[in-house]
Amino acid sequence: MNIVIVESPAKAKTINKYLGASYEVLASFGHVRDLPAKNGSVDPDANFQMIWEIDPKAAGRLNDIAKALKGADRLILATDPDREGEAISWHVLEVLKEKRALKDQKIERVVFNAITKQAVTDAMKHPRQIDGALVDAYMARRALDYLVGFTLSPVLWRKLPGARSAGRVQSVALRLVCDRELEIEKFVPREYWSLVATLTTPRGETFEARLVGADGKKLQRLDIGSGAEVEDFKQAIESAGFTVSTVEAKPARRNPQAPFTTSTLQQEASRKMGFAPAHTMRIAQRLYEGIDIGGETTGLITYMRTDGVQIDGSAITQARKVISEDYGNAYVPEAPRQYQTKAKNAQEAHEAIRPTDLSRRPAEMRRRLDPDQARLYELIWIRTIASQMESAELERTTVDIAAKAGSRLLELRATGQVVKFDGFLALYQEGRDDDGDDEDSRRLPAMSEGESLKRKDLAVTQHFTEPPPRFSEASLVKRMEELGIGRPSTYASILQVLKDRGYVRLEKKRLHGEDKGRVVVAFLENFFAKYVEYDFTAALEEQLDRISNNEISWQQVLREFWVGFIGAVNEIKDLRVTQVLDALDDMLGPHIYAPREDGGDPRQCPTCGTGKLNLKAGKFGAFVGCTNYPECRYTRPLAADSEASADRVLGKDPVSGLDVVVKAGRFGPYIQLGEPKDYAEGEKPKRAGIPKNISPSDIELGLALKLLSLPREIGKHPETGEPITAGLGRFGPFVRHQKTYASLEAGDEVFDIGLNRAVMLIAEKIAKGPSGRRFGADPGKPLGDHPTLGLVAVKGGRYGAYVTAGGVNATIPSDKTQETITLPEAIALIDERVAKGGGKPARGKKKAPAKPATKPAGVEADAKAPKPARNAAAAKPATKPAAKAKSGAASKARAPVTPAAKTSPAKAAKPVTKKSAGKARG
């Protein structure tokens, strides 16, 4: 028997079918070990030895793998074909060595780029050993991320209350967003004018020409800077006669883009379909793992984490065949196209992302996929086919026109292009991050030199230069790739972390730096400037790539980083919070304190008039307050713009006649009805929060009144007679009945949800159990009652179907299913399980606590079931000092895991510090 290890259970099932009965394919469910989220997991003083801890959820799966190896001939590690996949294989192998599960079995590592029968069977014919250099590169990255997270984040928490964490690459990406905010704030608009004449040929065809010169001098875009200047040119053009000076037509070719890499797929899916990078990767993962086609699960695309742009020769041949069939031979280039990556630090040796079979056209696959999957598959298919199509042939035309007005000679120019042969443009055109008008794409009428033209119209337009646009998710990924920051597999998670921690917000598809994020970046730039520099981060990525190429020791890279980093941390340990805030107050001054229209001191307190505004730190982050606190309690957020810092009256409430005002509070903007003076003593004004997906600038009176009406009573519950209300909470809109809260679903509207729908949501929430979790224990299908244990239900768990009653779970044999098992059969299975010592004792009998039995494969614990120990050590109370437990709970880097790794999972999983810091990936 050959034991094959993959990451995904869906992949395991598929590959088992490909390989046949002599193979057993098991899933690791991703990583099985990680650095514990506590201090000391990486020891710089011991040559960066690492303590690895087995994920409690993985313990059972590793036991299953160890059991399966008994009597097996080969262990084949077939995890994903990237650095993370290599690391998972190494972790699994190290744990199996620690368990002494390996005897004389041959150990092999295989990789495949697609989940198809041919790809998998071919991979099995070309095994190799685990790539130690890739594992070293993984360990270096993981150690760096841990050291930055667990060293820098506590400094943030102590010196900057309200800050969440900092990460090696995450902080640099955040700096990109915040630097762009600073550029926008410092930007000074500049006035300029344009003059565009609409001209007519002798044949009656019209086109537009722009003023580009006057009296022998070229005019650039910003040269006409005032209304007085433009009026002079306007009069001259209105009285001028027009003649074609020159007509120049040049041929041009436009080549197709390369097939998708991870980053270009994320960018294009964001531009064309509005997908967030994380969403794109989730869909791509499902397409990679495949769907059922003709009774066999087949992967639809190749591996989706790559920065390679080349594709397999057989795929190129197939693409050329599809192009010939669908578009004709004219669209097939003479020679196949070969691409080379232009990304800085590109190092993945995998194919670009492409369909596994290009004959599966998008129209055919649409009925087999959900809408988002179908759209992404079509995008990948089109891009792949287009990459092997003939170039587009264009003709770019420039027409210069002389406008003579008395003694003055003005020059106008018209540009345009004609597509002579569309080539790949017949199928695909890459999206753009900006929405600017492309004058060159306009088509010009036929003209000849010396031909007279007539003016039909003249557009004189005032413009102002605009600041650089905020990053979209697509353009930020593109910029990170250009700078060599991060890696393809990390972009989606970096963006998600920044959003989840409230450092940035996505508004109208653009990333806005939040005050919390800007304070963190200002802190890092003040005290850790080197570690948020773009060049430093890119250079470190190059060092990590050298490790994966076996050119440098991973400990050497860590030593060089750690010496400078810990020195910078030690330098600010003695700084007081007030000193840090003063430094940030100076650095963020232009952002925090906007110039006043009356020229007064922007730091003067608007409430007391005598105090000065300065930066303060609170539990929920930084804010601006008055130096006369507590006598003056004025506070506001950091935002310097008047919209954020000043009240905005929306109108009058038609019922009370009070003003409805958008206010900026310490914890964010909100809506208020009236002022304290409008209410009786001791009564506070009515307030309403603004939903996260709505910008305060978009709030109008009608919406504000609706928000102030919440929570609203929908009606009385038909059974209890108690009211059901609808409101907005921390986690979004909800309905409430007594103590039961139910979240609204897509399509429900908090302002107009009806009683019947609300009753249904409440009932569904109650049916899910007291926790009401979307995730967690499945209530299962009831079969009937057990004689002593109560209700018997059949459930589908992660490891397979099982029956449960009174907290006792029993696996359903392979010859039965959830649909066919009967109540007597279920009772017999449960009784057999109890007889073997599993689950709870029968009711009414008191027994001494028994040592929990190991959970059998295929059983997922019920929500009320006792949690069995993961292993023997976990079942025993700790009797040794903590230092002893530590030495036993871990394995050192690149060394077999020591037996003491089997400390209590509950104890091992308990975080010592904020867990988010250690989990922050670069």
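Just so you know, residue 1 is the first one in the sequence shown, and it goes up from there. What you see is a predicted model, and the numbers here were worked out from it, not measured in a lab.
No more than 12 heavy atoms of other residues, nucleotides or ligands lie within 6.0 Å of CZ in Arg190, so this atom counts as exposed by the packing criterion. Counted within 6.0 Å of CD on Glu466, heavy atoms from surrounding residues, nucleotides or ligands total 12 or fewer; the atom is thus considered open.
Glu560 pairs by the side-chain contact (heavy atoms from CB on, under 4.5 Å) definition with Gln543, Gln556, not counting sequence neighbours. A search for side-chain contact (heavy atoms from CB on, under 4.5 Å) contacts involving Ile130 returns Leu77, Glu86, Ser89, Trp90, Leu93, Arg109, Val135, not counting sequence neighbours.
Heavy atoms only, all atoms of each residue included: Thr280 and Ala269 are closest at OG1-CB, 3.4 Å. Summarising the geometry of Gly609 relative to Gln604, their closest heavy-atom pair is O-NE2, 2.9 Å, with the distance given to 0.1 Å. Closest approach of Thr306 and Thr262 over heavy atoms only: N-OG1, 2.7 Å. In this structure, Pro277 and Val477 approach most closely via the heavy-atom pair CG-CG2, 4.5 Å. Counting all heavy atoms, side chain and backbone alike, Gly517 lies closest to Leu174 at O-CD2, 3.6 Å. Across every non-hydrogen atom of Tyr531 and Ala568, the tightest pair is CE1-CB, 4.2 Å.
One finds the CD atom of Glu482 at 9.5 Å from the OG atom of Ser263 (value rounded to the nearest 0.5 Å). For the atom pair His91 NE2 and Asp34 CG, the distance stands at 7.0 Å (nearest 0.5 Å). Rounded to the nearest 0.5 angstrom, Glu542 CD and Glu551 CD are separated by 11.0 Å. Atom CH2 of residue Trp554 and atom CZ of residue Phe48 lie 8.0 Å apart, to the nearest 0.5 angstrom. How far CE of Met139 is from CG of Leu544: 12.5 Å, rounded to the nearest 0.5 Å. Note: Leu147 CG to Leu558 CG = 7.0 Å, rounded to the nearest 0.5 Å.
Within the 4.5 Å cutoff, the side chain of Lys616 has no heavy atoms near those of the Thr635 side chain. The shortest distance between side-chain heavy atoms of Lys478 and Gln266 does not fall below 4.5 Å. Counting heavy atoms from C-beta on, the side chains of His31 and Glu84 come closer than 4.5 Å. Taking the side chain as every heavy atom from C-beta outward, Gln310 and Gln340 never approach each other to under 4.5 Å. Side chains of Leu35 and Trp52 form a contact here, defined as non-hydrogen atoms less than 4.5 Å apart. Within the 4.5 Å cutoff, the side chain of Val624 has heavy atoms near those of the Leu613 side chain. You'll find the side chain of Leu524 reaches within 4.5 Å of the side chain of Leu152, heavy atoms only. Residues Cys605 and Thr610 have side chains not in contact (no heavy-atom distance under 4.5 Å, counting atoms from C-beta outward).
A donor and an acceptor atom, one from each side chain of Gln267 and Arg271, are located under 3.5 Å apart. A donor-acceptor contact closer than 3.5 angstrom is absent between the side chains of Ser493 and Thr490. Residues Asp179 and Tyr534 have side chains that bring a donor and an acceptor to within less than 3.5 angstrom of each other. Under the 3.5 Å distance criterion, with hydrogens and angles disregarded, no donor-acceptor pair is assigned to the side chains of Asn614 and Tyr593.
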Practice item. Decide side chain to side chain contact (heavy atoms under 4.5 Å, CB included) for Thr151 and Val569; before the verdict, give the C-alpha distance in whole Å, the side-chain angles of both, and the deciding distance to 0.1 Å. Key: CA-CA 8 Å; Thr151 306; Val569 170; 3.8 Å; yes
Practice item. Tell me, with the steps shown, if Ile353 and Thr261 meet side chain to side chain contact (heavy atoms under 4.5 Å, CB included). Key: CA-CA 6 Å; Ile353 304 168; Thr261 62; 5.8 Å; no
Exercise for review: For salt bridge (charged side-chain N to carboxylate O under 4.0 Å, His left out), just list the numbers for Arg83 and Asp131, CA-CA rounded to whole Å, side-chain angles, deciding distance to a tenth of an Å, and then say yes or no.
Suggested key: CA-CA 9 Å; Arg83 182 173 44 243; Asp131 188 330; over 6 Å; no
Practice item. Go through Val532 and Val521 one step at a time and tell me if the side chain to side chain contact (heavy atoms under 4.5 Å, CB included) criterion holds. Key: CA-CA 8 Å; Val532 288; Val521 167; over 6 Å; no
Point to revise | Pair Val580-Asn526, side chain to side chain contact (heavy atoms under 4.5 Å, CB included): steps then yes or no | key: CA-CA 9 Å; Val580 172; Asn526 255 289; over 6 Å; no
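The pair Arg603-Asp585 meets the salt-bridge criterion, with a side-chain N (NZ, NE, NH1 or NH2) lying under 4.0 Å from an Asp/Glu carboxylate O. Taking 4.0 Å as the cut-off between side-chain N and carboxylate O, Lys612 and Asp601 count as a salt-bridged pair. A salt bridge is defined here as a Lys NZ or Arg NE, NH1 or NH2 lying under 4.0 Å from an Asp or Glu carboxylate O, and Arg305 with Asp82 fails to meet this definition. A salt bridge between Glu514 and Lys516 is absent, with no side-chain N of the basic residue lying under 4.0 Å from a carboxylate O of the acidic one. A salt bridge does not link Glu53 with Arg33: none of the charged nitrogens is closer than 4.0 Å to a carboxylate oxygen. Salt bridge present: Glu183 and Arg180 bring a charged side-chain N and a carboxylate O closer than 4.0 Å. A salt bridge does not link Lys530 with Glu533: every distance from a Lys NZ or Arg NE/NH1/NH2 to an Asp or Glu carboxylate oxygen is 4.0 Å or more.
At least one donor-acceptor pair under 3.5 Å links the side chain of Ser548 to the backbone N or O of Asp545. A donor-acceptor pair is defined here as one N or O able to donate and one able to accept, closer than 3.5 Å; such a pair exists between the side chain of Ser41 and the backbone of Pro36. Side-chain atoms of Thr264 do not come within 3.5 Å of backbone N or O of Phe260 as any donor-acceptor pair. Within the 3.5 Å criterion, the main-chain N or O of Arg576 finds a donor-acceptor partner in the side chain of Gln579.
Ring planes of His279 and Phe275: perpendicular class, angle over 60° (limits at 30 and 60°). Ring geometry for Phe565 versus Trp562: interplanar angle of 30 to 60°, hence tilted.
Just one residue in the list Lys186, Arg518, Arg470 forms a side-chain hydrogen bond (donor to acceptor under 3.5 Å, both in side chains) with Glu181, and that residue is Arg470. Exactly one of Thr537, Val172, Asp535, Leu176 qualifies for a side-chain contact (heavy atoms from CB on, under 4.5 Å) with Leu483. That residue is Leu176. Partner of Glu473 under the salt bridge (Lys or Arg N to Asp or Glu O under 4.0 Å) criterion, out of Arg479, Lys499, Lys509: Lys499 alone.
Between Tyr503 and His512, the gap from one ring centroid to the other reaches at least 6.0 Å.
A ring-ring contact (aromatic ring centres under 6.0 Å, His included) check over residues 463-502, counting only residues at least two apart or in different chains, returns the pairs Tyr192-His463.
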